[in-house]
Amino acid sequence: MNQTYEKVLFGFIAHILKRIEDIKSYFGYIVAQKIIYFLQEAYGVKLPYNFYFYHFGPYDDSLDTHLRIMKNYGLIDIGVDPKGMGYDIEVKKDAENYIEYAKKFIEENKDEVESVLKHFGNYEPKDLELAATIHFVFKNNKQHYRGADLEKVIIEKVQNLKPKFSKTEIEKEYDHLAKINLLN
Amino acid sequence: MSSYFDKYHIFRDPIHGYIKVYDIERDIINTSAFQRLRRIKQLGPTNLIYHGADHTRFAHSLGVMELVSRVYDILILKDKQEKLLNWDEKEIQKNKILLRLVALLHDIGHPPLSHVGEGVLFSEEGGKKLTHKDFSKKIILEDKAIKESIDNLNSEYEITAEKIGKFITKEEPNPILQPIIDGPLDVDRMDYLWRDSFYTGVYYGRFDLDRLVNTLTMVRDKFYESPTLGIDEGGVYTAEALILARYYMFLQVYFHPVRRAYDLHFTEFIKKTLLKNYGEKYPFDVKEYLEHDDASVFNRVKEEISNNGEYKELANILMYRQHHECVKGTLDYTSIKEKEIFEKNIEEIRKKFGANFLTDNAQDAPNKFKKERFYVKLRSPKSSDIKDKYKDIERVSNIIKSLDEGINKNRLYAPKNDKLEEVKRYIDAMEWET
């Protein structure tokens with residue numbers, strides 16, 4: 001990754017994290033991963049990640065490493081959340097230069113960022129885990145099933161993958177994603 | 001009815017001793033697509049640094065298949081008491097076959113010299129950059145002999161080529177079995193660390209393999225209700241050793257400065273010569289893709305020299321070991337200021353001495369070290385509650401907790417020509433400190 005690209009990418013990520021900060025009092029890796037997942041996979045923002053399925057839904061380990069490098073650079077801080085249950089990501093002042101550097105890319109993807117934050121900005125990590133899982137399973141199965149069959153298969157598969165969610169919860173989020181045209 | 005496990009053959013392996021190979025697996029091994037792996041070196045051009053590193057993806061694939069069986073058998077044995085999986089005999093057999101075939105075929109899509117150029121040289125499909133795993137799936141689905149061998153298992157074991165392919169690309173998530181092949185404690189890295197360590201002679205890659213295999217267990221985590229792979233408390237030290245092995249092998253072998261110089265040289269050469277007619281990408285068509293192996297790269301190197309080709313100079317570098325020399329590097333964990341100075345100085349060096357310099361960053365190297373998390377099953381939990389019974393490794397191991405994974409070392413390489421000494425003096429005189 002050359003420095004120009006790294007600066008644009010880290011600047012864009014810092015911008016996203018800053019926007020999440022404006023909405024949530026604290027958030028960690030799960031929220032960052034899922035918001036960036038939706039930006040790339042549902043809204044087509046050109047980012048370099050290859051998401052695969054992991055414990056809390058779609059995940060990319062390079063993104064995790066990039067967040068840690070951003071921490072080493074002093075662009076963000078990753079602390080423990082006040083409840084002591086997870087992480088708390090905080091964007092630092094040094095990120096401003098990077099955000100400025102990525103200005104053009106941020107501007108080009110402004111609408112996509114607004115949409116993701118509008119629909120998912122208020123979601124708790126657990127809700128994001130479910131929404132991103134449904135979207136991920138949908139993307140990987142949509143070619144093989146049609147109409148009502150497709151919905152049934154997706155809900156069944158998500159139930160198997162995430163038994164902690166009830167069928168009603170899965171159906172509700174499925175409907176939400178369909179309503180905002182993310183299940184096409 | 002004949003069973004998958006009725007008849008087996010023995011392969012001798014320097015790492016694991018005798019490896020059992022069942023009939024259908026031998027049929028797959030005997031296909032030309034799989035035999036090609038004998039001609040793909042596991043560590044690409046690393047044998048130009050560690051001369052013993054001539055081992056291939058063929059041996060690694062067999063090793064992973066052997067290990068996956070050993071691990072799986074232990075997990076099933078332990079589950080007879082723990083009952084997290086609670087599978088019947090049929091399910092146990094089915095999943096064992098699935099894992100063995102995934103292990104055998106997971107690397108069949110590797111391009112020549114393994115990770116050299118991966119990411120730069122692969123085609124894109126619908127905007128998605130493909131990886132060797134996508135090609136593994138494509139080969140499994142499109143190579144008639146392999147597909148038929150696997151699809152024949154469908155009626156008895158519900159295993160199809162598509163299922164194996166999607167397991168490898170993780171398109172069809174399987175949180176119980178996936179981590180055994182691809183996860184923090186997976187058999188893939190167990191094999192490659194031991195094998196790479198053995199063949200390179202770099203001892204850092206070794207850890208107590210038997211202990212690790214025997215202390216793996218299924219666990220539940222407090223968030224995720226499905227069982228997943230973890231380790232008994234008694235295996236924590238060997239799990240630490242595995243993680244440290246990855247850390248040191250990355251710094252000593254996978255990101256070795258000379259090895260990386262050859263990765264960069266070979267990538268450039270392959271793009272400009274071998275793949276010239278394919279738009280500098282490996283062909284998407286499986287038949288054409290499978291024609292490429294390490295030998296085709298080296299034949300092209302020789303041809304370029306004998307034909308006095310356009311890229312003869314680059315071919316000479318590869319043939320006569322005239323790689324660019326690493327003339328400057330940052331620390332393993334580069335600070336933002338250090339990186340800025342590094343980039344600014346490189347610009348100045350290029351302006352003064354020409355553009356024929358190469359740069360590299362640890363994040364672009366293969367087998368990057370990443371700190372991953374898994375659960376430890378405590379020997380004497382204070383209660384039988386999930387949150388007391390299983391603990392995050394970072395709460396059990398201070399060594400793992402203290403590791404920082406964001407290695408982002410940067411390097412500058414200069415050509416070995418009559419200007420090299422002058423370049424070095426110039427670099428020495430520059431200001432690099434923050």
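Residue numbering restarts at 1 for every chain, and letters A, B, ... go by the order of the sequence lines. What you see below is based on every heavy atom in this structure, not just the backbone, and it leaves out hydrogens, waters and symmetry mates.
Contact annotation for A:Tyr98: only side-chain heavy atoms (C-beta onward) come within less than 4.5 Å of a heavy atom of chain B. For a residue to count as touching a neighbouring chain, one of its non-hydrogen atoms must lie under 4.5 Å from one of that chain's; by this rule A:Leu75 touches chain B with the side chain only. For B:Thr359, no part sits under 4.5 Å from any heavy atom of chain A, backbone or side chain. Interface remark: B:Gln178 contributes no atoms to any contact with chain A (heavy atom separation under 4.5 Å). For A:Asp94, no part sits under 4.5 Å from any heavy atom of chain B, backbone or side chain. Only the side chain of A:Lys157 comes within contact range of chain B, with heavy atoms under 4.5 Å apart.
B:Lys391 places no side-chain N or O within 3.5 Å of a backbone atom of B:Tyr375 that could act as its donor or acceptor partner.
Residue with the most contacts toward chain B among A:Ile69, A:Leu67, A:Thr133: A:Ile69 (heavy-atom pairs, distance under 4.5 Å).
Between the side chains of A:Tyr37 and A:His135, a donor-acceptor pair is found at a separation under 3.5 Å.
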(Q) Before you tell me yes or no, could you show the steps for A:Glu96 and A:Lys18 under salt bridge (Lys or Arg N to Asp or Glu O under 4.0 Å), namely the whole-Å CA-CA distance, both residues' side-chain angles and the distance that decides it to 0.1 Å? (A) CA-CA 10 Å; A:Glu96 288 304 329; A:Lys18 214 161 173 251; 3.2 Å; yes
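Between B:His115 and B:Tyr254, the ring centre distance reaches or exceeds 6.0 Å. Checked against a 6.0 Å centroid threshold, the rings of A:Tyr123 and A:Phe120 count as neighbours.
Among all heavy-atom pairs drawn from A:His66 and A:Tyr49, the shortest one is ND1-OH, 2.7 Å.
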